[in-house]
Amino acid sequence: MSDKTLLTAVIVVIFALSACTLQAGGGGASNAMRVWLDQPPNGYALPLEPFPLVAHARQPGGGVMMIRFVVNGVELGSASADASLELTQATLEWNPSAPGVYVIQAVAVNTAGQEASSEPARVCVGDPEKAACSGMVSSEEGTEITVTVQSGGEMKVGANPDRLAIGAGCTPGTTTINFEGYVADLQGAIEVHILGVMVNQSGERREFSQMLTPGSGGSYSGAYILSAGDMAFFASGEGKILYRLALLNDQKEWFRQSDERVIAVEPCQGEQAGGKMIKIGGLPNPVYIGSKCTASQPTAINFEAGTDIAAAQIARVDLGYVWFDQAGTWIGTVGVENRAAMTPIGGGGYTYRLNTSSAPAQLASGGSVKYRAIVVGTGGTDIAFSEVGEIQIVSCAAGVTPPQPTRTPTKPGQPPAQQPTPTFTVPAPPPQPTPTFTVPPPPPPPPPPSPGAIQGMVYYDSNGDGKCDSAWSFGGFSVTADGGYSDVGKDGFYYIGPVDPGSYTVTLNHPGYSTIGPDSVKVSVGEGQTATADFCVASIG
């Protein structure tokens, strides 16, 4: 037997013995189960602040029920996993207590009680220029740890659209998401995928994946069609889809991933409570009145509104409006708004033309008009309201020549007094354009969470029948929200912001009066979102 033949035989025997040892358990580890850390990567520099630990585990046919996270040999915590899935993900927030070097591992546990551990990731927490993070030595290998920052330009991912409308008001039965990506380095990769997680309003999760097709210059693209089951998963039309680009190696493992992105899921059908899908706008803004205005200047305000509430539930849509003089004083009976029925134009749209020649005499020096759309149900009661808009009234007494008005889009989530003129387009199914992808530059550090706001209206029972009328509330009340404060305006509107995302207890302060319904409610403010809480006063006087 030659030396080469003998060496080959020895290698085969060693490999066979090693395989037997692994199959026998190897101290509770299963060779069929694998686990790896996605975040943080080995050698990553982290600031001294909370950081999400992310790990994936794979077992053919499923079976992984939990992933534990261990930091410097001490278990930090664990996250349960769906044992029915072959590939599972777990996330746990880690809040390091002090600068230094930490060793992090993920440990997967399957339903048989077997465990598998990831490769350790050594990370530096704190300023790399300080002693706490430079020149540190690994206690196991005795080698210096090189602290590096992972390049942000190697992998990019995007999707079109970035907001999906799902629900009873949508025309198509399915929705397509067009994904696109860029990978600068494919070393070790055999496929490029989108890994996604759908999260509905109840917090339930549904994973999906989509392999992308290579293009030119490192670009990849592909479309994921939401199935009927996916659409039903978002039955309420509220939730989100989290996704990232992932590379698959020849061992069928996800070994590198991009940053996570989010697609917002919104309902198509309007809600009667709060009127979320009712929008209204008015033009021009400002409007100029008076005998010395340019003759070609419009002397009327054209309002347009639209709603996704089913036509069978609507008797009519009213325009509610109140005039205010230049000093901001309510013109007319305080607490009573003017109302006029709007003209339907089909497709959920309504219009009304308000002639400024009928404006009160107090507006000769200027002022404003605040307005909203009110949906009147078939039972004759108001069932939904739009947000409040405002149009400035400018007098031409001094011979002012007004400029031509322009349309300015509404900025969602801002108080009416700060909004530019809103415009409305009757809702239609979201378009699905073919995306074009440009490789972006490396991203800056992630911004802090966008603040939100809390707003609402205060109404009152003007006729004593125990129901909240559509009339405006008079001023004098205030609203608090866990430290935030706002006076209630003469039009009944209040606004508290900006506020950090989270849960708040919103309370109406109404000394000497009772309320219909609660005077304190809990709301949840999402990142960059505005929560609404309305109140009703039972008696005034």
Side-chain angles (χ1 to χ4, degrees), residues 157-180 194 196-208 210 222-243 260-281 304-314 317 345-350 373 375 383-387 409-414 422-436 450 452 524-532:
V157 67
N160 193 328
D162 59 5
R163 303 185 80 84
L164 291 180
I166 297 177
C170 294
T171 299
T174 60
T175 298
T176 300
I177 308 173
N178 296 299
F179 290 102
E180 54 191 0
I194 291 292
V197 179
M198 302 178 186
V199 184
N200 64 16
Q201 190 179 33
S202 301
E204 299 173 306
R205 299 169 68 88
R206 169 179 289 203
E207 296 185 354
F208 71 93
Q210 177 69 42
Y224 178 81
I225 301 176
L226 275 70
S227 65
D230 294 333
M231 302 288 281
F233 182 73
F234 291 111
S236 65
E238 292 186 4
K240 59 185 176 181
I241 298 176
L242 311 175
Y243 67 95
E260 190 173 70
R261 305 289 296 275
V262 180
I263 298 173
V265 177
E266 301 173 337
C268 280
Q269 188 174 26
E271 300 180 10
Q272 294 183 9
K276 290 185 178 177
M277 292 301 292
I278 306 164
K279 297 183 179 180
I280 187 169
E304 52 184 4
T307 177
D308 275 355
I309 296 179
Q313 303 179 32
I314 301 176
V317 174
I345 58 175
Y350 296 82
V375 178
I383 63 174
F385 309 89
S386 73
E387 293 184 352
T410 300
K411 296 181 179 179
Q414 296 296 322
T423 61
F424 177 76
T425 301
V426 177
Q432 301 294 338
T434 301
T436 58
S450 301
S524 179
V525 179
E527 183 176 346
Q529 297 180 349
T530 299
T532 300

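One-based numbering along the sequence shown. The structure displayed is predicted, hence computed values, not measured ones.
Closest of all the heavy-atom pairs between Y350 and I314 is OH-CG2, 4.0 Å. Taking all atoms of both residues into account, the shortest heavy-atom contact from A531 to S524 is CB-O, 3.8 Å. Of all heavy-atom pairs between V317 and A373, the closest is CG1-CB, 4.4 Å. Closest approach of F234 and N200 over heavy atoms only: CE2-CA, 3.9 Å.
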Fill in: Steps toward side chain to side chain contact (heavy atoms under 4.5 Å, CB included) verdict (K240, V265)
CA-CA 5 Å; K240 59 185 176 181; V265 177; 5.5 Å; no

Item to complete: Evaluate the side chain to side chain contact (heavy atoms under 4.5 Å, CB included) criterion for residues L226 and F233: first the C-alpha distance (whole Å), next the side-chain angles of each, then the deciding distance (0.1 Å), finally the verdict.
Response: CA-CA 10 Å; L226 275 70; F233 182 73; over 6 Å; no

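The main-chain N or O of V157 is found under 3.5 Å from a side-chain atom of R261 such that the two form a donor-acceptor pair. Checking side-chain atoms of Y243 against main-chain N and O of F179 turns up no donor-acceptor pair under 3.5 Å.
Going from atom CD1 of I241 over to atom CG of L164 covers 5.0 Å, rounded to the nearest 0.5 Å. To the nearest 0.5 angstrom, M198 atom CE is 12.5 Å from R205 atom CZ.
Each of D230, T176, N178 was scored for a side chain to side chain donor-acceptor pair (under 3.5 Å) with Y224, with one residue passing: D230.
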